[in-house]
**Student:** 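First, the structure itself, so that you have it in front of you.
Naming convention: chains lettered A, B, ... in sequence-line order (proteins, then strands); numbering from 1 in each chain. Predicted, not measured: the structure shown is a model, and the values here were computed from it.
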Amino acid sequence: MDSETPRHAENLVAPRLAKLDRLRDIGIDPFPHNFERTHTSAGALSEFEEGKEDSPVCSVAGRLVRFNRMGKSAFVHIQDGAGRIQLYLQKNVLGEEQFKRFLDLFDIGDFLGASGTLFRTRTGEVTVRVESLHMLSKSLRPLPEKFHGLSDHETRYRQRYLDLIAGSEVRRTFRMRTVIISEIRRILDGRGYLEVETPILQPLYGGGSARPFVTHYNVLGRDFYLRIADELYLKRLIIGGFDKVYEISKDFRNEGIDRTHSPELTMLECYEAYVDYEEIMRLTESIVAQVATKIYGTPVVDTEAWRLDFTPPWRRISFSDAIRHQTGLDIDDYPDAAGIAEAAAQFGVIVDPDLGRGKVLDSLLEKLVNPLVEEPTFIVDYPVETSPLAKRRVDDERYAARFEAMAAGIKFANAFSELNDPLDQRKRFEEQAQARAAGDEEAQVLDEDFLLAMEHGMPPTGGLGIGIDRLTMLLTGHRNIREVILFPQLRTKN
RNA sequence: GGCCCGCUAGCUCAAUUGGCAGAGCAACGGAUUCUUAAUCCGUGUGUUCUGGGUUCGAUUCCCAGGCGGGUCACCA
């Protein structure tokens, strides 16, 4: 018994250890190497429904999850990756010895393999009439209760395997997450995008506004950063001549953890040469609508949490209109940080003006507008101070050609016409350096190597980032990011 | 990090205005050859998160800590 096992739990483990010994005593390996199954649970059920044979023969395997003993017979359910199937065990079919062995030595939680013929019970359930039965792996600990399942969040996250065993909704959510990612790949591959891999350990972090995790590279003798974004490397590839590139990978941001933030997050970033953010908006709508359709057969996501219609085109509102509608303020009337900070304070948004006008405007949007956005919406044309890597609008240099996408109060995409003027880019970095000096720890760091690349010429480019975790939340109806991350980070127990 | 809430059996939850800790499921023993949260008979398995304090007596009250949840701040 390991040290984590409470003493009283031994009462639950000991009988199973005894059964393990008895299995070995009668020459049965409780942990055999394999089992030749012919069908998954779902495969067996559909074969029966197709009715090509009267009583199809099959071998199935899975974890024992329900156990109804009926004296000389028993109904049990096993669960595999495809679902559940019922087995019917009869003393006169299995023989006295094998039947008794099952009753005496098998427990809920064990993996077993069974072979037999399919039939339909009186109550209509397609079931395997078992002719031979095999122990595939003995379970030594009890599973969570069958009806209520596991509801303690801490245990669900720390022992996710128990959550997955007990909850079909949980399994469904994570299968959807995988479908979302593979469908995005399929869409981008189909459009001629090249999937690439760029460094996770970076000598300088950039491409986003966040504090990084720091690590040490022994052989190079210096600190490196876990990336907060892929952006500056993907742009180097655009400069290098790949017209369309994307990467789906983890970013790391050393920030708070809450319902919509995980320090380790999965991000899609894609860049396409010769297009602007208008085209990227259409791409974004198309990706999300197609992914939703892949899952639900329609772009309408109708869950317990919300109903969201991702059918393009989505609603669009400019940054300044969004602020104006919410506050009556025209942000153009406040060209400096001090003025807008004072105006924001009237709405309970308190920001130190030393951090810059962009920071104040960001806060206004974040606090007063974003939480109220329910329908899928593009907020477009961000003040240039908030967008150090985005191109200025042609008609108004105070604004950047940038959008963010949100729904149900959750921001899930950020995109812009990428700044490709190296002189303007240098200026923007310098402004960020000032903000950093004033105390903005998330301000971007000047990256000479990136500027050098841009000085060699970068084509006009549209770029997009989609938070995969958040998109998964929206598409699966979860309000907490931990529900869509298999192993969310928790404090370690000692 | 601040504030608020929670932690009781393997699981889901009760209860104790400070006085022997109790249900269902699971488990264990028995009955049952068509069950579906099977049913019927019997058995309660516990460091009430941890450490202090107050008290004749603490699971309950007080203090500190741990872990979790919510919220605020920061970020996507």
**Student:** Pairing check on B/rC67: which nucleotide meets the Watson-Crick or G-U wobble criteria with it, both distances under 3.5 Å?
**Tutor:**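 Pairing partner: B/rG6.
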**Student:** Does B/rU12 have OP1 or OP2 under 4.0 Å away from a side-chain N or O of A/S151?
**Tutor:**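 Result: yes.
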**Student:** Would you kindly check whether a donor in the side chain of A/R66 faces an acceptor in the base of B/rU35, or vice versa, at under 3.5 angstrom?
**Tutor:**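 Indeed there is one.
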**Student:** Please work out whether the ring planes of A/W314 and A/F378 are parallel, tilted or perpendicular, with thresholds of 30° and 60°.
**Tutor:**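 Aromatic pair A/W314/A/F378 classed parallel.
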**Student:** Any side-chain N or O of A/K72 less than 4.0 Å from the OP1 or OP2 oxygen of B/rU35?
**Tutor:**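 Negative; the distance criterion is not met.
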**Student:** Please determine whether any donor N or O and acceptor N or O are separated by less than 3.5 Å between the side chain of A/T121 and the base of B/rU35.
**Tutor:**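 Counting by modelled atom types and ignoring angles, a donor-acceptor contact under 3.5 Å is found here.
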**Student:** Give a yes/no answer on whether the side chain of A/R482 brings an N or O atom under 4.0 Å of OP1 or OP2 in B/rG69.
**Tutor:**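 For B/rG69, OP1/OP2 do have a side-chain N/O of A/R482 under 4.0 Å.
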**Student:** Would you say B/rC28 has OP1 or OP2 under 4.0 Å from some side-chain N or O of A/K19?
**Tutor:**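 Result: yes.
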**Student:** Could you tell me whether the phosphate oxygens of B/rA76, OP1 or OP2, come under 4.0 Å of any side-chain nitrogen or oxygen in A/K250?
**Tutor:**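 So the side-chain polar atoms of A/K250 never come under 4.0 Å of the phosphate oxygens OP1 or OP2 of B/rA76.
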**Student:** Using Watson-Crick or G-U wobble geometry with both distances below 3.5 Å, tell me the partner of B/rA58, or none.
**Tutor:**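 Partner of B/rA58: none.
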**Student:** With a cut-off of less than 4.0 Å, is there a side-chain N or O of A/R211 near OP1 or OP2 of B/rC74?
**Tutor:**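 Checking B/rC74 against A/R211, no side-chain N or O comes under 4.0 Å of OP1 or OP2.
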**Student:** Counting only side-chain N and O atoms of A/R120, is one of them less than 4.0 Å from OP1 or OP2 of B/rC34?
**Tutor:**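 Result: no.
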**Student:** Any side-chain donor-acceptor pair under 3.5 Å between A/E47 and A/H39?
**Tutor:**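 Yes, side-chain donor-acceptor contact under 3.5 Å.
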**Student:** Only pairs with both distances under 3.5 Å count, Watson-Crick or wobble alike; so what is the partner of B/rG46 in this structure?
**Tutor:**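 The base-pairing partner of B/rG46, which may sit in any strand shown, does not exist here.
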**Student:** Both A/M70 and A/N414 contact RNA chain B. Taking the nearest nucleotide for each, which residue is further toward the 5' end?
**Tutor:**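 Closer to the 5' end of RNA chain B: A/M70.
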**Student:** Report the base-pairing partner of B/rG22 (Watson-Crick or G-U wobble, both distances below 3.5 angstrom), or none.
**Tutor:**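 Base-paired to B/rC13.
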**Student:** Please tell me if the side chains of A/K411 and A/R470 come closer than 4.5 Å, counting only heavy atoms from C-beta onward.
**Tutor:**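 When only atoms from C-beta onward are counted, A/R470 and A/K411 do touch, with a gap below 4.5 Å.
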**Student:** Determine the interatomic distance between P on B/rU60 and the same-named atom on B/rA9; round to the nearest Å.
**Tutor:**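 Going atom to atom, P in each nucleotide, I get 15 Å.
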**Student:** Taking everything shown except A/E49 itself, do over 12 heavy atoms lie less than 6.0 Å from its CD?
**Tutor:**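 Above 12, so yes.
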**Student:** Looking at A/Q489, I'd like to know if its CD atom is crowded, meaning that more than 12 non-hydrogen atoms belonging to other residues, nucleotides or ligands lie closer than 6.0 Å.
**Tutor:**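 Not more than 12 within 6.0 Å, no.
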